[in-house]
Amino acid sequence: EKTKENFFSKVTKAVAGRSKVDDEVLDDLEDALIMSDVGVDTTLEIIKRIEKRAEKDKYVTTNDLNNLLKSEIEDMLVDAFDQTYKTFSLPADKKPYVILVVGVNGVGKTTTIGKLAYNYKRMGNNVLLGAADTFRAAAVDQLTIWSERVDVPIVKQDMGSDPASVAYDTVLSAVSRKSDVVIIDTAGRLHNKVHLMDELNKIKRVIQKVIPDAPHDVLLVLDGSTGQNALEQAKQFSSVTDVSSLAITKLDGTAKGGVVLAIAHQMMIPVKFIGVGERMEDLLIFDKHEFVDSLFKQTS
Amino acid sequence: MFNNLSDKLESAFKNLKGEARITDLNIATTVKEIRRALLDADVNYKIAKEFTDKVKDKALGEKVINSINPGQLMVKIVKDELAELMGGTEATFSLAGNPTVILIAGLQGSGKTTFSGKLALYLKSKKNKSPLLVAADVYRPAAIDQLHVLGSQIGVDVYSDRESKDPVAIAEAAIKEARAKNKNVVIIDTAGRLAVDEVMMTEVKNIKETVNPQEILFVVDSMTGQDAVNTAKAFNDRLDFTGVVLTKLDGDTRGGAALTIKYTVDKPIKFASSGEKMDTLDVFYPERMAQRILGMGDITSLVEKA
Ligand SMILES: Nc1nc2c(ncn2[C@@H]2O[C@H](COP(=O)(O)OP(=O)(O)OP(=O)(O)O)[C@@H](O)[C@H]2O)c(=O)[nH]1
Ligand SMILES: Nc1nc2c(ncn2[C@@H]2O[C@H](COP(=O)(O)OP(=O)(O)OP(=O)(O)O)[C@@H](O)[C@H]2O)c(=O)[nH]1
Ligand SMILES: [Mg+2]
Ligand SMILES: [Mg+2]
């Protein structure tokens, strides 16, 4: 939990040991939030909430202040409706459960898929991978290596073939193999490239030809070191694919990933997973209590 | 959000009409707007503060001449300061040494392998060089294959050793190979690594000390947020890199990390990478980057009006 501990340690420092909400506390808080990539709008929103609460509950002790800040921020993070992912089990009425993984270039989609496959398999599920990134050099090879590592089957075609056709094959194959969960990799694409975003839409439509209510989860992978642009990524990917959950990667570094607060708050998308390394074991379930708790762990 | 900083500045200055000079007091809103724009662009918050303070100092005491809108005056000061910061001395690229050795380093997924391919193509087609690409990432699944695919796309040889788990030895062997095969540039693609990963940071330092590169390029994703300052510092402390490569500029990020890095390590930004295809490599234009960070596509025309 090393990552989570330093996640917002700066925030803790900002308010720890203070007994009232004065301008200095708020300034420190502002700096700490900005420094964690929370962004100006969301930071101001948090500060406004704190000010309001502090006005209402007149006497604020250090402890109260920490709890207050904690609950205000926690309120900004939405829960997923379906919580099965927390134990890597699957909703009984959706079989095969189809997860479509999307995101901009190099954020960690393929690696996250390897980690998810490992965890779902570990919990006794039949996993199938679909290599629908047919564009980036050696993308299929990369996912193939992950499938071997985790020992799960993979559906693939040649490089350069139609990604929608791979997705279709994959879902079809999942149905006939009676897979429990299908995870489809897609090529990284910047959200401002219209034709590439349309391609995602096509992938989705083709999947629905086989399973009308699929994909059951569209997982947007965000790089934890990305700044405010992540917000635009979430908006654009949502508009073409109805993103239903988020994974934040690379939180084993010094980046804080605070922009996720803005995204979760503004767009009501739950964060499900965080990536904390390059090995298949390096995936954690995002827990907002823990996340915000770690925010307020007293640093001596 | 993008194009309205100039509007905001203009309106912030409306209430200044009739005042003779720019003062601390009447400039406060403007300074705040500029700082806000920088933060929205992911410029490090400390640097944003320092920068706006500097701009303020420059503007203070300036006479508000009737013919020049003070908003425009301010815009000009900001733009000039930023462009100077981003550019500074002219960036050179060393092709000395035989072979010239170029080491590529950076965080995971920043675009190192793709850039390595682009640089090889650029040196081959524009500089008449005969490059050798070196696959020194022994960790990422299919990293070696990825470089081989790119190499064959651009018709450049790739050195790799699938049996070896030692990037230092691979780099060394590659240089021997380059000499034997009359290659005059060696581009070493390394694995992505986090600045806090001691073992991996030591590894890349060892590669540097063994092969003595003419150029060490730090590859950064232009979408990077506040963490850019830590990463740039850590890589520079270990490698004393010679230049920076900004990637994924074909996106719509404002790219404030560029300013953060320039400010933090004062190393030139040597290339701008803007696409997945091998021919999407640009030289870096400080002026354009300054405008992009401020989100002011229209800034030039605005100043020209002044
Ligand atoms: N340190 C760290 N590295 C990660 C994490 N997740 C992924 N990576 C690394 O980030 C790099 C990019 O990961 P990929 O999984 O290839 O990313 P991608 O989104 O599939 O990339 P494209 O398909 O090229 O768009 C690789 O070097 C991964 O090992 C993480 O949680 N922590
Ligand atoms: N749109 C766009 N994509 C880019 C650019 N540069 C690299 N990419 C993409 O970003 C992803 C990661 O690029 P790589 O070259 O594999 O990154 P890397 O730094 O070598 O990654 P690791 O070796 O895993 O650390 C790939 O999908 C590339 O195609 C760029 O300038 N623009
Ligand atoms: Mg991938
Ligand atoms: Mg690479």
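Within a 6.0 Å radius of CZ in A:R49, other residues, nucleotides and ligands contribute more than 12 heavy atoms.
For the residue pair A:R149 and B:Y139, the shortest heavy atom distance occurs at NH2-O, 4.5 Å. What you find for A:I145 and B:P141 is that their closest heavy atoms are CG2-CB, 3.8 Å.
In this structure, chain A has no heavy atom under 4.5 Å from any part of B:N44. For a residue to count as touching a neighbouring chain, one of its non-hydrogen atoms must lie under 4.5 Å from one of that chain's; by this rule B:R193 does not touch chain A. Heavy atoms of A:Q236 lying under 4.5 Å from chain B are absent altogether. Of the two parts of A:Q228, the backbone and the side chain both hold a non-hydrogen atom closer than 4.5 Å to a non-hydrogen atom of chain B. The part of A:E278 that comes within reach of chain B is its side chain, from C-beta onward, which places non-hydrogen atoms under 4.5 angstrom from that chain. With a 4.5 Å cut-off on non-hydrogen atoms, A:V107 does not touch chain B at all.
Atom NZ of A:K256 and atom CG of B:N230 lie 6.5 Å apart (nearest 0.5 Å). We find the CG-CG distance between A:D37 and B:D227 to be 7.5 Å, quoted to the nearest 0.5 Å. Here the CG atom belonging to A:L33 is positioned 11.5 Å from the CD atom belonging to B:Q226, to the nearest 0.5 angstrom. Taken from CD in B:E276 to CG in A:L190, the straight-line distance is 7.0 Å, to the nearest 0.5 Å. Considering OG1 of B:T253 and CD of A:Q233, their distance stands at 8.5 Å, rounded to 0.5 Å. Distance check: B:L39 CG to A:T43 OG1 gives 9.0 Å after rounding to the nearest 0.5 Å.
For A:D31 and B:K49, the salt-bridge test passes: some basic side-chain N is under 4.0 Å from an acidic carboxylate O. The existence of a salt bridge linking B:D252 and A:K193 is excluded, since no basic side-chain nitrogen approaches an acidic carboxylate oxygen closer than 4.0 Å.
Taking non-hydrogen atoms and a 4.5 Å limit, the residue list of residues 133-141 of chain A in contact with chain B, ordered by number, reads A:F135, A:R136, A:A137, A:A138, A:D141.
With contacts defined as side-chain heavy-atom distances shorter than 4.5 Å, the pair A:D252/B:Q108 does not qualify.
A distance-only check finds no donor-acceptor pair linking the side chain of B:D42 to the backbone of A:T226 [under 3.5 Å].
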Using atom types as modelled, flag every donor-acceptor pair under 3.5 Å from a side chain in residues 154-162 of chain B to any protein atom, sequence neighbours excluded.
residue : atom : partner : partner atom : Å
B:D157  : OD2  : B:K183  : NZ           : 3.1
B:S160  : OG   : B:H148  : NE2          : 2.8
B:D161  : OD1  : B:E163  : N            : 3.0
B:D161  : OD1  : B:S164  : N            : 3.4
B:R162  : NH1  : B:D145  : OD1          : 3.1
B:R162  : NH2  : B:D145  : OD1          : 3.0

